[in-house]
Amino acid sequence: MSPEGVCDVDFWPYLENITSDAISRTAFGSSYEEGRRIFEFLPTKRNNRMKEIESQVRPIVRALIDRRVNAIKAGEAINPDLLGMLLESNFQEIEQHGHKSFGMTIDEIIEECKVFYFAGQETTSTLLSWTMVLLSKHQEWQKRARDEIYNVFGKEKPNYEGLSQLKTVSMILFEVLRFYPPVVALLRHVTEEIKLGKYTLPKDIGLNIPVLWLHHSREFWGDDAMEFNPERFRDGVAKAVKGSGMFCPFGWGPRICLGQNFAMVEAKAVLSMILQRFTIELSSSYTHAPRLIFTLQPQHGLHLTLRRI
Ligand code: HEM
């Protein structure tokens, strides 16, 4: 940072770090440093070695779980994190039915932990990235968000109660999720022939529900569908869009995202802490090129100019 408090920085790695920390602490509590190592194996275009990744991630998670299981067996208190809760409910299930086949196997628990990691990290850092880009392009919304954050927290650290009062920030995050949904499509496999409206879908076909397209359709959002306008969410999601299910950044139905509240709270907290300290603009080295690697990411990084307030 220059003596005047200005710096040019690629913010993307920092956002990746903070979201891995958040999910690591939530999933594995005090073992979060260990949990973070899992992200080193997240597949990217450069590092697309799924089999190798699988063989490296599994022992890390397995060691974490074994240690916890031994602690529980030794009568130690259960950690109030995701892994602790999963193991506790699993033990109860097995005890209640008196048989191992009622609980999850260790392999299934490992899979659950991995799902939380992979589902929760990249998606949230992507949401935060596009929020930074759009607030840089729309300085009036950046100012409105900062004013609200100062009104609620001043310069103090954000707290959970205060985060639920951030209405403008919520509107902004919803609009970012509409504009650049981290998950651009929902994929389904049709397991048996079914009638869907006027269509009959045959067994064994794949369905692609185009979230990105639905979120930009003039038919559902009106003539300003291609514009960034958080105001549309002032009276909630139902009033912003024609037709239910057309705003689906977290999916829809029984498989809707389990972490959506977590993600919103986390995004609000991170954004509050950034806007309390800095104004943000796009740096001259920023190149706008969203690309899809599982989620919609900034291809050439997130180069921003930060000015200390
Ligand atoms: C902005 C952040 C996030 C976005 C946009 C997002 C999006 C989604 C979407 C679209 C689905 C449904 C996929 C489908 O139907 O095929 C999903 C499922 C899921 N998400 Fe998220 N997610 C986010 C954050 C998180 C976080 C933070 C967690 C964990 C703490 C999480 C955990 C999960 C899990 C476990 C599922 C699977 C639910 C099931 O299949 O029953 N997500 N997410």
Side-chain angles (χ1 to χ4, degrees), residues 12 15-29 32 35-36 38-39 42 61 80-86 89 104 108-135 160 163 166 169-191 196 205-216 230 233 237 244-272 290 292-298 302:
W12 172 247
L15 291 180
E16 287 218 296
N17 254 337
I18 198 164
T19 53
S20 348
D21 274 4
I23 193 85
S24 299
R25 285 174 192 267
T26 313
F28 293 145
Y32 90 104
R36 284 184 53 170
I38 291 175
F39 291 102
L42 195 71
V61 184
D81 52 26
L82 174 74
L83 180 56
M85 286 190 268
L86 270 179
S89 80
M104 282 188 279
E108 284 165 342
I109 293 181
I110 292 178
E111 288 310 310
E112 288 299 311
C113 290
K114 277 166 48 189
V115 165
F116 269 81
Y117 260 87
F118 297 137
Q121 189 262 338
E122 202 76 26
T123 43
T124 315
S125 44
T126 311
L127 164 62
L128 280 163
S129 298
W130 298 122
T131 306
M132 306 290 269
V133 168
L134 288 162
L135 289 185
Y160 186 74
L163 292 174
L166 298 179
V169 172
S170 300
M171 285 158 50
I172 291 170
L173 290 173
F174 277 151
E175 181 67 344
V176 177
L177 284 166
R178 180 187 76 86
F179 216 74
Y180 294 125
V183 178
V184 297
L186 302 171
L187 307 175
R188 291 293 181 270
H189 180 82
V190 179
T191 53
L196 195 66
I205 59 161
L207 265 190
N208 180 323
I209 301 157
V211 176
L212 189 65
W213 182 84
L214 290 174
H215 283 189
H216 288 84
F233 285 104
V237 172
S244 76
M246 299 307 159
F247 179 63
C248 47
F250 294 107
W252 198 253
R255 304 310 295 261
I256 199 163
C257 176
L258 279 181
Q260 56 176 316
N261 292 336
F262 182 94
M264 290 299 282
V265 168
E266 183 185 345
K268 284 186 207 171
V270 173
L271 194 62
S272 297
L292 198 62
I293 308 181
F294 296 128
T295 55
L296 197 62
Q297 297 176 12
L302 183 60

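First listed ligand is number 1; within each ligand, the first listed atom is number 1. We count residues from 1, following the sequence as given.
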Side chain to side chain, Val133 and Pro298, heavy atoms closer than 4.5 Å: no
Return the residue, atom name and 0.1 Å-rounded distance of the protein heavy atom closest to atom 30 (C) of ligand 1. Ile23 CD1, 3.4 Å
Taking 4.0 Å as the limit for heavy-atom contacts, which would you say applies to Val211 with ligand 1: side chain only, backbone only, both, or neither? neither
With Val184 as reference, evaluate Val211, Asn208, Leu296 under the side-chain contact (heavy atoms from CB on, under 4.5 Å) test and give the passing residue. Leu296
Does the N or O separation between Glu266 and ligand 1 drop below 3.5 Å for any pair? no
Does any non-hydrogen side-chain atom of Ile172 lie less than 4.5 Å from one of Leu134? no
With a 6.0 Å cut-off (strictly less than), is the heavy-atom count around CG of Leu186, excluding the residue itself, greater than 12? yes
With side chains defined as the heavy atoms from C-beta onward, is the minimum distance between Glu122 and Pro182 less than 4.5 Å? no
Under 4.0 Å from atom 37 (C) of ligand 1, is there at least one protein heavy atom? no
Please tell me if the side chains of Phe179 and Leu212 come closer than 4.5 Å, counting only heavy atoms from C-beta onward. no
Quick test: of every protein heavy atom, which one is nearest to atom 39 (C) of ligand 1, and how far off is it to 0.1 Å? Arg255 NE, 3.3 Å
Quick test: of every protein heavy atom, which one is nearest to atom 29 (C) of ligand 1, and how far off is it to 0.1 Å? Phe116 CD2, 3.5 Å
Could you check if a side-chain atom of Leu177 sits within less than 4.5 angstrom of a side-chain atom of Phe247, using non-hydrogen atoms only? yes
Residues in side chain to side chain donor-acceptor pair (under 3.5 Å) contact with Thr124, at least two apart in sequence or another chain: none
Suppose we measure from atom 13 (C) of ligand 1 to each protein heavy atom; which comes out shortest, and what is that distance? Leu186 CD2, 3.9 Å
Arg188 and ligand 1 - part of the residue with a heavy-atom distance under 4.0 Å: side chain
Does any part of the side chain of Leu15, heavy atoms only, come nearer than 4.5 Å to the side chain of Thr19, both counted from C-beta? no
Which atoms from ligand 1 have a heavy atom of Val115 less than 4.0 Å away? 35 (C)
Are the side chains of Phe174 and Arg178 in touch, meaning some heavy atoms are under 4.5 Å apart? no
Protein N, O or S atoms less than 2.8 Å from atom 21 (Fe) of ligand 1, ignoring waters? Cys257 SG
Counting from 1, what ligand 1 atoms have a heavy atom of Pro249 closer than 4.0 Å? 5 (C), 7 (C), 10 (C)
Could you check Thr126 against Trp12 for side chain to side chain contact (heavy atoms under 4.5 Å, CB included), going step by step and ending with a plain yes or no? CA-CA 9 Å; Thr126 311; Trp12 172 247; 4.2 Å; yes
